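If you scroll down you'll find the structure; I have some questions about it.
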Amino acid sequence: MNVFSIYLGHVHDALNALVKEGAIPAGLDFSRVVVEPPKDETHGDLATNAAMVLAKDAKQKPRDIAEKLAAKLKSAPHVAKADVAGPGFINLALENGFWLEVLRAAIGAGKDFGRSGLGKGEKVNVEYVSANPTGPMHVGHGRGAVFGDALANLLSFAGYAVTREYYINDAGAQVDVLARSAFLRYREALGDDIGAIPEGLYPGDYLVPVGKALAEKYGRTLLQKPDGDWLPLVRQTAIDMMMDMIREDLAALEIRHEVFFSERSLTSGGKDKVAETIEFLRKAGHIYEGRLPPPKGAPVEDWEDREQTLFSATAFGDDVDRPLMKSDGTYTYFAADMAYHRDKIERGFRTLIDVWGADHGGYVKRMNAAVGALGAGKVALDVKLCQLVRLMRAGEPVKMSKRAGEFITLREVVDEVGVDPVRFMMLFRKNDAQLDFDLAKVIEQSRDNPVFYVQYAHARGRSVFRNAKEAMPDLSTDASALSAADLTVLSDEAELALVKKLAQWPRLVEAAAEFHEPHRVAFYLYDLASTFHSLWNKGKDAPHLRFIMEDNPKFTMARLSLVSGLVGVLASGLAILGVRAAEEMR
RNA sequence: GGCCCCGUAGCUCAGCGGAUUAGAGCAGCAGCCUUCUAAGCUGUUGGUCGCAGGUUCGAUUCCUGCCGGGGUCGCCA
């Protein structure tokens with residue numbers, strides 16, 4: 001039940017009535033007309049820009065249209081007030097009774113309140129994390145992981161059929177470096193003194209178990225083999241173990257992908273999806289042999305001007321055309337990525353979302369160009385970049401050096417502060433803004449900590465029910481009793497403010513889903529929690545506003561209904577964020 | 001140098017895809033709180049929305065150019 005879309009309907013009805021009367025011309029485009037909460041709450045409950053948007057085409061002054069429209073809207077259902085304001089806004093106030101019915105509907109819908117059919121079951125692919133399987137994930141990966149996961153939850157709640165996907169970069173030179181690094185650890189496990197790890201190999205301790213596993217599996221047999229023979233074996237073992245580790249780290253964050261797509265699988269097993277993709281694009285006229293100008297201004301030491309296979313990315317908005325083959329004859333990462341995205345399209349997705357770290361920003365245009373070419377304009381790609389995370393402790397940056405052992409892994413952070421603070425704080429910021437993550441602050445149990453503040457609101461709401469049961473054992477507080485409660489006693493401003501805030505939830509879900517912005521959910525929940533806490537505090541001075549009134553079951557039931565609505569929205573909002581809705585705070 | 005992101009109150013950040021008087025938290029200031037509903041509460045001072053143009057009846061929001069911060073720049077992924 002989205003109040004705003006309901007009233008958008010009433011505005012349309014009123015406009016059509018005006019057309020019928022000849023008060024405004026027929027054939028106007030209503031698509032830009034919106035009904036939204038006014039910026040300033042004192043203006044009313046709803047505001048519409050209809051008069052201003054239509055003024056030009058109607059060839060009338062905005063305020064003239066607004067007057068006529070407001071007069072019509074006065075007789076729309078449950079409208080208590082319709083005023084014209086400013087340049088031509090119409091501010092509507094609705095009867096309290098209407099808002100209370102929204103609350104009743106919300107309670108009736110339970111966990112499904114706010115669930116939307118916006119997505120119409122359309123398939124959406126969300127690719128996120130996709131960290132290289134060459135080591136543990138760092139905190140930056142964690143942000144993309146949480147963002148992607150929450151976005152997937154959100155889209156699912158908004159009616160899309162979401163697939164959560166991880167692209168394993170198991171084909172390039174980096175996994176060969178991984179294999180060589182693991183081989184060293186293998187020799188170490190067999191008793192060799194390997195000394196310092198050479199420059200260019202991965203020095204981290206996390207490869208020690210890989211070495212041991214290799215030693216157990218292969219004994220000394222790999223030592224005699226030439227590189228070309230042992231490398232694929234070692235590589236696969238190392239990748240598998242790294243992916244197991246990454247999966248465990250993700251599981252610790254309560255993230256589970258449905259599809260793990262291997263880059264190597266594109267060209268293994270006798271097929272070559274990359275070649276097919278290039279052929280596909282060649283037939284479409286987007287591939288040519290040619291030379292590239294060297295990058296302007298950027299010094300490229302070993303620039304080699306050569307003729308190569310290029311994708312006409314510029315035809316799709318990119319700055320330069322992009323090479324598909326390296327000088328050694330293997331495919332570029334981009335070529336494989338195109339094949340991968342083509343595969344997604346072939347699987348029926350028409351909306352693709354890629355979640356990347358900010359360091360991949362330079363890659364966005366070419367991927368958009370690729371999907372433009374591969375999807376023939378019928379497939380939408382939205383690349384969401386997550387900016388860097390700065391790890392802090394009590395206001396001081398945590399020092400991290402790239403040398404092994406001196407950087408803090410995502411897992412360490414999760415183990416130290418817990419899943420909830422990590423997930424909430426990663427989402428309590430727009431994805432494209434940099435983020436300071438303070439290990440000390442996020443576990444503080446105070447109003448200053450948004451994680452606590454929101455979880456606390458939920459726990460507080462639940463405690464009202466526990467206390468009610470104790471204080472008034474005869475009171476039935478099940479769902480049907482709550483739905484049947486007489487809500488008219490909820491007449492205080494602070495109570496109605498909470499009801500109205502709850503009523504915004506369905507609209508917020510749709511907007512957040514539409515723009516792929518899960519942070520809006522986090523901010524909304526914070527706001528909602530704040531509204532609730534403030535009502536609670538009011539009860540301190542004003543006993544008649546307390547939730548439990550032992551001598552007054554009627555008031556108590558109404559307030560329990562309100563709390564029930566609140567708890568429901570907090571719970572489903574937190575579920576989207578993947579944050580636990582606590583029964584009580586400890 | 002090219003491209004991308006960011007620039008909003010002293011600090012950290014929102015701002016619903018152009019509109020009514022630009023918001024929140026912290027800090028600051030002023031009160032209340034010797035009490036119970038749960039980790040205090042209430043009120044309040046702060047802003048030429050980086051700068052300059054442009055589009056528009058209307059721009060923090062869209063466009064262009066600067067300035068400042070970050071990222072990135074074939075054969076890494």
Side-chain angles (χ1 to χ4, degrees), chain A residues 4 32 34 36-40 42-43 47 49 52-53 55-56 61-62 83-91 130-132 134 167 169-175 177 263 292-300 302-306 308 310 318-323 325-330 332-334 336-337 357-365 385 387-388 428-436 438 444-448 450 452-453 456 459-460 463-464 467 471 504 507-508 511-512 514-515 517 519-520 523-524 526-527 530 533-534 536-541 543 546-548 584-585:
Chain A
F4 300 90
R32 288 171 59 215
V34 295
E36 56 191 358
K39 266 188 182 168
D40 188 334
T42 61
H43 292 151
N49 62 354
M52 292 176 298
V53 178
K56 198 169 200 172
K61 288 183 189 154
D83 295 335
V84 178
F89 273 101
I90 299 167
N91 293 324
S130 299
N132 292 338
T134 54
Y167 184 51
N169 303 135
D170 55 359
Q174 289 193 2
V175 286
V177 173
E263 178 184 356
L292 281 181
K296 287 171 196 161
V300 178
D302 51 348
W303 176 264
E304 165 199 351
D305 186 23
R306 65 182 175 89
Q308 52 186 335
L310 296 167
D318 199 0
D319 305 313
V320 289
D321 292 338
R322 300 294 176 177
M325 314 283 269
K326 300 181 204 169
S327 47
D328 66 1
T330 60
T332 57
Y333 179 79
F334 177 58
D337 216 1
D359 53 339
H360 290 60
Y363 199 75
V364 175
K365 278 191 182 180
L385 294 181
Q387 281 292 335
L388 309 179
F428 201 58
R429 188 113 316 174
K430 269 187 306 191
N431 58 292
D432 48 12
Q434 291 191 23
L435 166 71
D436 288 347
D438 195 307
E444 236 174 61
Q445 300 219 340
S446 78
R447 194 202 156 97
D448 306 348
F452 173 78
Y453 195 64
Y456 179 37
R460 191 173 242 181
S463 89
V464 171
N467 293 340
Q504 289 182 9
R507 178 177 188 270
L508 184 116
E514 193 175 342
F515 294 108
E517 290 179 345
H519 78 271
R520 294 189 190 207
F523 278 96
Y524 168 80
Y526 182 78
D527 195 24
S530 168
H533 287 312
S534 121
W536 178 283
N537 290 327
K538 231 175 155 180
K540 282 186 172 170
D541 295 333
R546 296 191 178 184
F547 293 93
I548 299 167
E584 52 189 331
M585 304 308 288

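Residue numbering restarts at 1 for every chain, and letters A, B, ... go by the order of the sequence lines. Model, not experiment: these values are computed from the prediction.
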Requested in this report: Taking Arg546(A) for its side chain and Lys540(A) for its backbone only, find out whether a donor-acceptor pair lies under 3.5 Å.
Outcome: yes
Query raised in the report: rC36(B) C1' sits how many Å from Phe547(A) CZ, rounded?
Result: 15 Å
Query raised in the report: What pairs with His519(A) under ring pair (Phe, Tyr, Trp, His ring centres under 6.0 Å), at least two apart in sequence or on another chain?
Result: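 If we apply the ring pair (Phe, Tyr, Trp, His ring centres under 6.0 Å) test to His519(A), skipping adjacent residues, the hits are Phe523(A).
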Requested in this report: Check every strand shown and say whether Asn132(A) touches a base, only sugar-phosphate, or nothing at a heavy-atom separation below 4.0 Å.
Outcome: sugar-phosphate
**Report entry** Contiguous Watson-Crick or G-U pair runs (3 or more, under 3.5 Å) in RNA chain B
**Finding:**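 Expected stems, ordered by start: B:1-7 with B:67-73, B:10-13 with B:23-26, B:28-32 with B:40-44, B:50-54 with B:62-66.
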Query - Value rounded to 0.5 Å, distance of CG in Leu508(A) from CZ in Phe4(A) - result: 10.0 Å
Query raised in the report: If you check the Arg306(A) side chain, which of rG25(B), rU20(B), rG74(B) turns out closest?
Result: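 Ranking rG25(B), rU20(B), rG74(B) by closest atom to the Arg306(A) side chain puts rG74(B) first.
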Requested in this report: Let me know the distance between CG of Asp436(A) and P of rC11(B), rounded to the nearest Å.
Outcome: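 One finds 14 Å between P of rC11(B) and CG of Asp436(A), rounded.
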Query raised in the report: What residues form a ring pair (Phe, Tyr, Trp, His ring centres under 6.0 Å) with Phe452(A), not counting sequence neighbours?
Result: Tyr456(A)
Collect all protein-nucleotide pairs involving nucleotides 3-10 of chain B in which both atoms are nitrogen or oxygen and the distance is under 3.5 Å.
{"unit_1": "rC3(B)", "atom_1": "O3'", "unit_2": "Lys365(A)", "atom_2": "NZ", "d": "3.1"}
{"unit_1": "rC5(B)", "atom_1": "O2'", "unit_2": "Asp432(A)", "atom_2": "O", "d": "3.0"}

Taking N or O atoms only and anything under 3.5 Å, show me the protein contacts with nucleotides 55-62 of chain B, one pair per line.
{"unit_1": "rU60(B)", "atom_1": "O4", "unit_2": "Lys39(A)", "atom_2": "NZ", "d": "2.8"}

Query raised in the report: Does the rA14(B) base have a donor-acceptor partner in the side chain of His519(A) within less than 3.5 Å?
Result: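 Per atom types, no contact qualifies.
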Query raised in the report: Is there a donor N/O on one and an acceptor N/O on the other, under 3.5 Å, for the side chain of Arg520(A) and the base of rC16(B)?
Result: no
Query - rG53(B): syn or anti, per glycosidic angle within 90° of 0 - result: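 That one's anti.
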Query raised in the report: Atom CG of Asp448(A) and atom P of rA24(B): how far apart are they, to the nearest Å?
Result: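 Whole-Å distance recorded here is 16 Å.
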Query raised in the report: Which part of the nucleic acid, if any, lies within reach of Glu517(A) when heavy atoms closer than 4.0 Å are counted: base, sugar-phosphate only, or nothing?
Result: base
Query raised in the report: How long is the line joining CD of Gln434(A) and P of rG69(B), in whole Å?
Result: 13 Å
Query raised in the report: Given rU12(B), rA39(B), rG70(B), which nucleotide is nearest the side-chain atoms of Arg429(A)?
Result: rU12(B)
Using a cutoff of under 3.5 Å, can you pull out all pairs of nitrogen or oxygen atoms linking the protein to nucleotides 40-43 of chain B, with atom names and distances?
{"unit_1": "rC41(B)", "atom_1": "OP1", "unit_2": "Arg447(A)", "atom_2": "NH1", "d": "3.4"}

Query - Any side-chain heavy-atom pair of Asn169(A) and Val175(A) under 4.5 Å - result: no
